[in-house]
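Since we're looking at a predicted model, the values are computed, not measured.
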Amino acid sequence: MKIDPKARPTARRIHKRGKLQKAHHLAGGKARGIVQVESLVEVDCHNMCSLDPRVQEVHPQPVTFDLNSGRRYATKKELQERFRGTDYEPWIYTPDFRVILFDGTCLYLEAKSEFMLSEQPKFLEYPEILGSFGVQLLLITEIFISRELKKNLALLRPYIGRTLPVELVRKLEALDNKRFTYREAISRLGFTQGELFTAIVTGHVIVDLYSIELKKDTELIAFDGCTKHLELLPL
């Protein structure tokens, strides 16, 4: 179901009414409008894409493949209708996300829990199958998403696209010792929490988001626009 007229159309209905699994609505980041995803792993994957500076655009449920032939269709319904009444049975698959990188690379992401993969191991084959047709598919599970990263993603995502005020950039540049804590940024340097998180997203403050949870005693490092710490996808 498309819940936002500004959002891109999806290749299949993402969440069915009455389904026990809760749908998640996401706004901001690098997907157009408000989008709907089905699982918490998809939420984390979407947030990783949104923060990763190599990613230009994210499109949920973008296209449907016939894995027998590698052909792609605009919607799942279009593929089903194409072969309705024939003896041919397509192998239908709609990836969770299409990701466009700034270097022009187009790839697809599938976000699945380890439990889901144990129940449906067929998904483990999909990267190789699509690879044989020249299509790159990354399969991401919660193994790629540490507890610290999961919490940091939720904190930082609202600040994507914001800019840091010039006076705060100058404060960071003027620091003799480039290391300081989250608490010191608030109490001594005069940052609000939102400004500090913006500084992390813009690369003026760096921290290992995979292994260090953002808390009051977290040590941070002032830097000049480095976004290497935000390259979160296993590309």
Side-chain angles (χ1 to χ4, degrees), residues 4 6-8 24-37 40-60 97 99-103 109 111 140 144-235:
D4 183 348
K6 296 180 181 178
R8 288 182 177 274
H24 303 272
H25 300 146
L26 304 173
K30 296 172 182 176
R32 187 184 302 171
I34 298 173
V35 299
Q36 183 174 301
V37 298
L40 290 175
V41 181
E42 287 180 50
V43 170
D44 291 334
C45 190
H46 175 272
N47 289 343
M48 289 168 69
C49 291
S50 295
L51 278 172
D52 196 309
R54 298 167 294 180
V55 174
Q56 182 177 33
E57 187 175 344
V58 182
H59 180 191
F97 301 99
V99 177
I100 308 297
L101 305 184
F102 278 100
D103 67 4
L109 300 182
I140 295 181
F144 292 94
I145 306 166
S146 67
R147 180 184 64 85
E148 293 82 3
L149 177 60
K150 185 179 184 71
K151 291 186 176 182
N152 291 337
L153 287 171
L155 291 173
L156 295 175
R157 188 179 64 83
Y159 301 95
I160 296 168
R162 298 193 186 187
T163 57
L164 193 64
V166 174
E167 60 271 20
L168 295 179
V169 174
R170 289 173 179 165
K171 279 189 178 183
L172 293 171
E173 291 173 343
L175 288 177
D176 292 329
N177 183 351
K178 296 297 183 182
R179 296 179 180 273
F180 58 97
T181 66
Y182 181 140
R183 181 179 288 105
E184 289 173 333
I186 305 296
S187 63
R188 181 166 63 88
L189 299 178
F191 281 72
T192 65
Q193 178 176 276
E195 289 167 341
L196 178 60
F197 291 166
T198 299
I200 294 172
V201 171
T202 59
H204 291 93
V205 171
I206 61 175
V207 62
D208 181 356
L209 297 174
Y210 266 103
S211 58
I212 300 174
E213 183 181 341
L214 289 169
K215 298 188 294 186
K216 297 298 183 183
D217 58 351
T218 300
E219 186 175 75
L220 307 168
I221 303 173
F223 211 83
D224 185 18
C226 174
T227 55
K228 193 72 176 177
H229 63 296
L230 299 174
E231 293 183 1
L232 302 174
L233 292 174
L235 301 179

Contact check, side chains of [X] and [Y], non-hydrogen atoms, under 4.5 Å:
X    : Y    : answer
F191 : L172 : yes
V55  : L101 : yes
F97  : C49  : no
L155 : I200 : no
M48  : L153 : yes
V207 : L220 : yes

- For K151, check salt bridge (charged side-chain N to carboxylate O under 4.0 Å, His left out) against everything at least two apart and list the hits.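 Testing K151 for salt bridge (charged side-chain N to carboxylate O under 4.0 Å, His left out), a comparison that skips the adjacent residues, returns E213.
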- Item | Main-chain N/O of I212 paired with N152 side-chain donor or acceptor, under 3.5 Å |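 Side chain of N152 to backbone of I212: a pair is present.
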- With no hydrogens and no angle check, is any side-chain donor or acceptor of T227 less than 3.5 Å from a backbone partner on L230?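 No; zero donor-acceptor contacts below 3.5 Å.
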- Residues forming a side-chain contact (heavy atoms from CB on, under 4.5 Å) with S146, sequence neighbours excluded: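 S146 satisfies side-chain contact (heavy atoms from CB on, under 4.5 Å) with E148, L149, Y210 only.
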- Considering residues at least two apart in sequence or located in another chain, which fulfil the side-chain contact (heavy atoms from CB on, under 4.5 Å) criterion with Y159?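 Expected list: R162, F197, T198, V201.
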- Query: Residues two or more places apart in sequence or in another chain: which of them pass side-chain hydrogen bond (donor to acceptor under 3.5 Å, both in side chains) with E231?
  - Reply: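 If we apply the side-chain hydrogen bond (donor to acceptor under 3.5 Å, both in side chains) test to E231, skipping adjacent residues, the hits are K228.
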- side-chain hydrogen bond (donor to acceptor under 3.5 Å, both in side chains) contacts touching residues 167-180 (sequence neighbours left out):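 Listed once each, the pairs are R179-E219.
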- Task: Name all residues meeting the ring-ring contact (aromatic ring centres under 6.0 Å, His included) criterion together with F180; count only those two or more places apart in sequence or in a different chain, and write none if there are none.
- Result: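 For F180 there are no ring-ring contact (aromatic ring centres under 6.0 Å, His included) partners, ignoring immediate neighbours.
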